[in-house]
Every structure is written in C-alpha cells, then in structure tokens.
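Since we're looking at a predicted model, the values are computed, not measured. Every number for a ligand or one of its atoms is a count from 1 in the order of the listing. Quick note: residue numbers are just sequence positions, from 1.
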Amino acid sequence: MTDIPSRMRAAVTHDWNVIRVEQVPLPELEPGEVLVQVGACGICGTDLKIVSGVYKGSWPPALPFIQGHEWGGTVAALGEGVSGLQVGDRVAAENHKGCGTCPMCRQGRYNLCEVARTKGRAYKLYGHSAPGAFAEYAARPATLLHPIPDNVSFEESTIINQGALGLHAVRRCRIEPGDTVAVIGPGLVGMITLQLAQAVGAVRVIVVGRGPRLDLARALGADEVVDYTSGDPVEAVRAVTGGRGADCAFECAGTAAAVVTATQCVRRGGRVALVGLTGGKPIELNTDRLTLDEIDVFGVRSSPNAYPELIKLIAAGKVNVRRLVSAVYPLEEINEAFAAFRSREGGAIRMVIKI
Ligand SMILES: [Zn+2]
Ligand SMILES: [Zn+2]
C-alpha cells in the first residue's frame, strides 16, 4: 500500500453538464473489495444522459458524482477476504453488483436483481448509482473484476462492457451455425454483435444503418450493408435473403423505427433481440405479425456472466475492438471528449479517457 496516495484526480460531475477534474479522497475498501488503478475508461451514450440530468435522482442519486462505467485497470490493493486476484493483475470491471440473495441473483441473473430499485439495499450499479471510474482509482467487489491478458490494452478494455452486452444478446437470441443475421444500428454494440454472430457460426450478417459507419461495418466483416435512408430496410433485408428474411435480428439502435425493422425483417419463426433503449416512447408495432409468424422477441439487459468469454474472444482475435476506439483523451480533457462524442465527431464510436 506504500505507493498508493491518499488523494486522487477525478472527473467530478458537480452540476448538469458541469464536470471538473479535481483532487478527491481515494475510495475506502470494504471487505471483499479491490482497489484498482484505472487505466482507461470509455464514454458511453448513457454517460451523456447521466451528465445532463436525464436520470437525476437515481443515476446519479445525488451530486457531486463520479461517472464512468466502461473500463479496465490494474489491481493496486486487496481488501479483506479477497482471493483469486493479485496486486498488479490487469482487469476489466463489470457494473452490476447484485444483492446475491434474491431469486434472480441466485439464478445468476444478477442484471435483473429484484432489489435493484429498492434504495439502500445491497444492489449497486457503478458509474450510475455508485461511484464510477473517471478517476485514478476505483474500488470494486472482487467478483466484478475479470483478468485481461497483456495483448488487450486498457483502451481496448473499455469496449468489453458493451461487447459483453452483445455476447449476452447473441446468447439470448440463440444464433445457430448457418444462420443469417441482421444487425440494426452499427454503433458500438452493433459492431461487436456483427463480429460475435460470425464467431458463433452465422454465415451471413447484414448490417442496417447509414453513413460512414456502414463502411466500418464492411471493414469488420459485414456481408451486406443496407442504408435505411435509401429505401425500406425491411424490403432490402428480404431482397438479400431471397425474400425469406433473416433468422435473427438484433435491434442495437434504440429507435422506434429500428424496433419495427427488427421485428419485420426476420423470417417466420425468427428471433429478435431488443438491445437498445428507446426512452420509453410508445411504438406502433404489428403484433399480429409476431403472433402469426411465431416471432420470439428477447429483451437484453447488461452482460451477466459474459465478460470472461468475451475477453477470450477479443484476446484470440475473433472480435476486433481496436478499430472501435475512435479517439483517446487525457482525464483533463474529459469535457472536450464528452462534447466530441455528443456531436459524434467524425462518426465517433467510442471515446476513451486514458487515466
Ligand atoms: Zn455504458
Ligand atoms: Zn438480487
């Protein structure tokens, strides 16, 4: 513990859209927790909403607050009772700490912890309702930390959180070898889902989106790209599948139109994963189509039990995350990074804060 300081630099959200980098005390370790020196932390679309007060009162519960939930770093100190990790280990961190005792947690579905919405209970969502990692150090339960090999950089480790969401979606949707898959929304999760679909045996992946992101989707292996601004995307997906439709579709855009496209572009008996959030807006959906064609629709939240396998896929080169890191900023320039991400400068996919 000798070379660990008592204070650290952190980006603190003081008011809506007001972040200041300043010195704050280091987090104190509770039993079972690990102190991690943060290597890099990504800015997520959710961070843009949190910082502007969209979820005020819950994410964060109060100000000032340290955001940041997509990150990796180096183990700096172990709290009481921690086993399985050593000082110096490189790790990536999960966000959801389930209570561990409710029926969903007991099934391993800690992303659906049943006391999550009960204030003051054992559930935590780091970077949302508990302190995040836009700071030099962060404390986390050892159970949320997963070792990463040396060939995965900290910048790349900032993709693991969203990538694991893609893996959870692929698992929920049960892609089978030989499947044709449509990915609606070539953002970070979409780009990962495209690669994961191929890694688990999809023979054809169609990416629906627009602009330069479609070029990146092609570079990452998309077999077909559909620009939804130049025609009906459902018809386009049907056209490239001989009129039949895709076996599975992944809605990764979080828009009403993408939800409709995903549910309409699959074949009879097809499967649909809803990964994006539309902000609770009502959506006009033809549910007769879902009923009469027996379409399975899966909600997908977070990434339970998906980190270790995703880390292996990245380390083995099956999922390219390097190309998804758009720009890297020092902690002092976090406001510039937020602004650049908000404007999606140059089609930015993932802005990373290197700490
Ligand atoms: Zn996120
Ligand atoms: Zn629980």
What is the minimum heavy-atom distance between I295 and G269, and which atoms define it?
CD1-N, 4.0 Å

Give the minimum heavy-atom separation between P147 and L85, together with the two atoms involved.
CG-CD2, 4.3 Å

Protein N/O/S atoms closer than 2.8 Å to the Zn ion (ligand 1), ordered by chain and number, come to C44 SG, H69 NE2, E70 OE2

Remaining members of hydrophobic cluster (4.5 Å side-chain criterion), L63
W16, F65

In degrees, rounded to 10 degrees, what angle do C99 atom SG and C102 atom SG make at the Zn ion (ligand 2)?
110°

Can you confirm whether F250 sits close enough to L274 that some side-chain heavy atom of one is under 4.5 Å from a side-chain heavy atom of the other?
no

What does the angle at the Zn ion (ligand 2) come to, between atom SG of C105 and atom SG of C113, rounded to 10°?
110°

Side chains of R271 and F298: does their closest heavy-atom pair fall under 4.5 Å?
yes

Taking the six-membered ring for Trp, are Y126 and H96 ring centroids under 6.0 Å apart?
no

I'd like to know if E332 pairs up with R9 as an ion pair, taking the criterion as any Lys NZ or Arg NE/NH1/NH2 lying under 4.0 Å from an Asp or Glu carboxylate oxygen.
yes

